[in-house]
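Step one of this worksheet: look at the structure below.
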2 protein chains.
Amino acid sequence: MIDVARLAGVDVSLVSRVINEDPKLNILPTTRERILEAIRESGYRRNFQARGLRRQRAFTIGFLLPEVTNPIYGPIVSGAVSRADARGYLVVLGSTAGHNVAEPSFEDLLGEKRVDGLLIASGELSDARMRELRLEAAPIVFVNRRIPGTVGSVTVDDAAGSALATQALVDLGHRRLAHLAGATDIDTAARRREGFVSAVTGAGLTDWVIEVAGDDAQGGFDAASRLIDQAPTTTGIIAMNSLVATGAVRALGLHGLRVPDDVSVVSVNDHPLAEFITPTLSCVRMPLERMGATSVDSLLARIDGGAAEDTMVTGDMTLCLRESAGPPPAAQRSSRPRRRTARIPG
Amino acid sequence: MIDVARLAGVDVSLVSRVINEDPKLNILPTTRERILEAIRESGYRRNFQARGLRRQRAFTIGFLLPEVTNPIYGPIVSGAVSRADARGYLVVLGSTAGHNVAEPSFEDLLGEKRVDGLLIASGELSDARMRELRLEAAPIVFVNRRIPGTVGSVTVDDAAGSALATQALVDLGHRRLAHLAGATDIDTAARRREGFVSAVTGAGLTDWVIEVAGDDAQGGFDAASRLIDQAPTTTGIIAMNSLVATGAVRALGLHGLRVPDDVSVVSVNDHPLAEFITPTLSCVRMPLERMGATSVDSLLARIDGGAAEDTMVTGDMTLCLRESAGPPPAAQRSSRPRRRTARIPG
DNA sequence: CTGAAAGCGCTTACAG
DNA sequence: CTGAAAGCGCTTACAG
């Protein structure tokens, strides 16, 4: 910068002001031009650390998530990264998986001023556990998650998404629906469960909920196996996410139940392979990428001194009916007889 | 830090040396204890930006990848993040997808000293395109990718992995094998192709290669459809990755070919859903997480002034034979007749 | 064994 | 309209 100043024959402070487009700067067009020219000529790049030190900002935010393997994080992260970039911020990745061992801990990141704030998208830590971290004061925004008792989150309308999926099966004629649900102590899972229950009871039907242990394919597989045992007459399943849905379809198949002939399955959230597995997986798509972007906006507002807020990103909710969903067996018995008729009551 | 020094009754320079465990520091145990105590009492956290500015290090590296949706990046990224953390570095995420538009560009990240080096894991940019970026000088390491003409990469033994998958089908009795391959101008894809070709010709068979446009499920679907047209007698397919494999299985099914009864499919690299889709997907697992960790080591060595190196992470290569692979139809004709017999020659 | 001082590369009130 | 100067919070040769 000193070089640039010398090249342009001005003081470094002027160079700085030109670079930062200081609004209260009233500079001679010719001087500005000389400075811009000098910057070009010297190939000058401003040093972000120096800038950050002076401005007391890291211009970096942290994104903490359990694992990158769950496909739901793909759109959220890419939405966040591109919005952050547009606003001059970098996104560093952290894992909440082993956050008590090697991984950069919440406190370190914030305490050492390596990041200005944190985005936390963890579906694994319980609400209580999260609240323990007494995060009120720190600039933290939960993504796809709300922690009762704290403020500062960006979510989508999970209840509506779940209800939309449920209603689709009701409309197809299903009367015995079950939900493979996440733990009740995780707000997002609870809202999906709510959406299911209200849609089912709204249709005058009885709800049936099986809790999934570990919200992945194995969890879905196990939960569906239990469901087949406990509620064998079920003809429609709403899975809390696409991994659980896929595991459930597999379990149904191994138990001799065909999807969708015997049982229909709809997932909350899509999966990159949904259109390529057999049967193709039906789902409700929620605005995940936009949620990621909005969470950055919310966090930066917080960093800039704004009050914590709970935002729900709405709109863009679409139902994708694919092979895994169809009319219940009763409605189609004439054409496609159900294999395990013993399990059909009435 | 000034507070800490005052609390302990020493100079800030001593505090700094204690914190950084300066080896040439010979301090009185009592003084050290007083300083440590003062740090604890004051809740002091060192400021990374100031430290970085002084040391001319960002203690941050960038990880550029095309999309987070491809499951192969999961283990690579998490391996990299945890190793980086162990070495005191943060990992910022960048996308190579739209690296000419909004995303933080290579040059900016490095030029503004926001990162000390870059890890690039892009399967989409061609070798030529990458070389254009004249990266020789900059501390950059390519992950899962080698750019002919440049040095600085960490890869796994793709040829061996691909050969292992191929040999598995040969051993099962397959004689007509095809490879759904990535573009030849991408080194990793070329090495997988090589492994396939050498295994096939080594067994005295003829190789058949179909190039996949876009290494995702849709690409696999399209490529398999062309394969069915062009080489209908094929009984075994080695897919360049798990997404392509899944797309291929789908295409085969829609063309009336059963997997594995009519055609077997093995994927290079696993997928989180591989054991839950039907048929479950056979694959070769490569040490991706370790590759991610090693790439960090390699990059940090480079940052510390070491010469660029090409490293291949070996070992940990396992074959997972699941439902999608079995003996070819000829070998099992007696028990399970092939549906489209017209397509079987001889 | 410990301290004083310079300096990393910026930004920003304050002068003039 | 432009410049001089202080300071962000550290680290590190250099003294003593």
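Lettering follows sequence order; numbering is per chain, from 1. Being a predicted model, the structure only gives us computed values, none of them experimental.
Electrostatic pairing of B:Arg6 and B:Glu41 does not count as a salt bridge here, judged by no charged N lying under 4.0 Å from a carboxylate O. Of the charged side-chain nitrogens involved, at least one lies within less than 4.0 Å of a carboxylate oxygen, so that B:Asp108 and A:Arg45 count as a salt-bridged pair. Using a 4.0 Å cut-off between charged side-chain N and carboxylate O, A:Glu37 and A:Arg34 make no salt bridge. Salt bridge status for A:Arg302 with A:Asp116: absent, with no side-chain N to carboxylate O gap under 4.0 Å. Looking at A:Asp316 and A:Arg290, a side-chain N of the basic residue comes within less than 4.0 Å of a carboxylate O on the acidic one, giving a salt bridge.
For the pair A:Arg114 CZ and D:dC8 C1', the computed distance is 18 Å after rounding to whole Å. Atom pair B:Glu112:CD and C:dC8:P shows a separation of 20 Å (rounding to whole Å applied). Atom CG of A:Asp11 is separated from atom P of C:dG16 by 15 Å (rounded to the nearest Å). Regarding B:Ile2, its CD1 atom lies at a distance of 14 Å from the P atom of C:dG3, rounded to whole Å.
Contacts of residues 15-35 of chain B with DNA chain D (heavy atom under 4.0 Å): B:Ser16, B:Arg17, B:Asn20. Using a 4.0 Å cutoff on non-hydrogen atoms, the parts of residues 40-61 of chain A near DNA chain C are A:Tyr44, A:Arg45, A:Arg46, A:Asn47, A:Ala50, A:Arg51, A:Arg54, A:Arg55, ordered by number.
Of the possible donor and acceptor atoms, none in the side chain of B:Asp22 sits under 3.5 Å from a partner among the backbone N and O of B:Arg17.
Along DNA chain D, the nucleotide nearest B:Val12 and the nucleotide nearest A:Gly9 are compared for position; the residue whose nucleotide lies closer to the 5' end is A:Gly9. Annotation: of the two residues near DNA chain C, B:Ser13 and A:Leu14, the 5′-most nearest-nucleotide partner is B:Ser13.
Within 6.0 Å of the CD atom in B:Glu309, the count of heavy atoms belonging to other residues, nucleotides or ligands does not exceed 12.
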**Message:** Show, in sequence, the C-alpha distance, side-chain angles and deciding distance for A:Arg145 and A:Ser153, and conclude whether the side chain to side chain contact (heavy atoms under 4.5 Å, CB included) test is met.
**Reply:** CA-CA 7 Å; A:Arg145 187 82 189 272; A:Ser153 70; over 6 Å; no

**Request:** Could you give me the CA-CA distance, side-chain angles and deciding distance for B:Asp304 and B:Arg57, then say whether side chain to side chain contact (heavy atoms under 4.5 Å, CB included) is met?
**Result:** CA-CA 10 Å; B:Asp304 286 333; B:Arg57 276 285 170 85; 2.7 Å; yes

**Request:** For side chain to side chain contact (heavy atoms under 4.5 Å, CB included), just list the numbers for B:Leu119 and B:Ile76, CA-CA rounded to whole Å, side-chain angles, deciding distance to a tenth of an Å, and then say yes or no.
**Result:** CA-CA 11 Å; B:Leu119 251 26; B:Ile76 301 178; over 6 Å; no

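Across all their heavy atoms, B:Val156 and B:Arg191 have their closest contact at O-NH1, 3.3 Å.
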**Message:** Could you write out DNA chain D as dot-bracket? Rules: Watson-Crick or G-U wobble, both distances under 3.5 Å, brackets [ ] for crossings, | for pairs with another strand, dot for unpaired.
**Reply:** |||.||||||||.|||

